[in-house]
Amino acid sequence: MSTKKDGFTVDTGGVNALLTGLSGRFTEETADQRPDDGTTAATPEPPAPAPAKPSKYTLLLDQDDALTLDQLALTLRRHTGRAVDKSEILRALIRLADQDDRVTDTVARALDRRTNT
């Protein structure tokens, strides 16, 4: 097929032959083909979102609190059957206090200087 405009000729025959040749390849595909069978291009996996970079905090504990946290980590290790990192414990406690008003109220009472003196 040729088109002519203002004395300029464009031959599209090669493009049509190329498209016709490609269309023959795609008629053999079926919906149940695996991407790795060599006839179907694999669909790329979307990139996983990058994990949020954690914030770093320094926690100063007196000896009693440090011992209590160590004992809690050992108790949780026995309950879960795996080592539990102390930072994991603190993150869980923060989430619990954020999600459960009873936990938040208990923490507030523990921190209330008026009742703890």
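Note that these values count all heavy atoms, side chains included, but never hydrogens, waters or copies made by symmetry.
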*If you round to the nearest 0.5 Å, how far is CG of Leu76 from CG of Asp85?*
11.5 Å

*Can you name the nearest heavy-atom pair linking Ala73 to Val84, along with the distance?*
CB-O, 4.0 Å

*Flag yes if Leu74 and Leu69 sit in one hydrophobic cluster, no otherwise; membership is Ile, Leu, Val, Met, Phe, Trp, Tyr, and two members link when side-chain heavy atoms are under 4.5 Å apart.*
no

_If the test is side-chain hydrogen bond (donor to acceptor under 3.5 Å, both in side chains), which one of Asp105, Asp100, Thr106 qualifies with Arg102?_
Asp100

*Nearest 0.5 Å please: distance from the CG atom of Leu72 over to the CZ atom of Arg77.*
14.0 Å

*If you group Ile, Leu, Val, Met, Phe, Trp and Tyr by side-chain heavy-atom gaps below 4.5 Å, do Ile89 and Leu59 land in one group?*
yes

*How about Lys86 and Asp70: do any of their side-chain heavy atoms sit closer than 4.5 Å?*
yes

*Cluster link Tyr57 to Leu93, ILVMFWY, side chain under 4.5 Å*: no

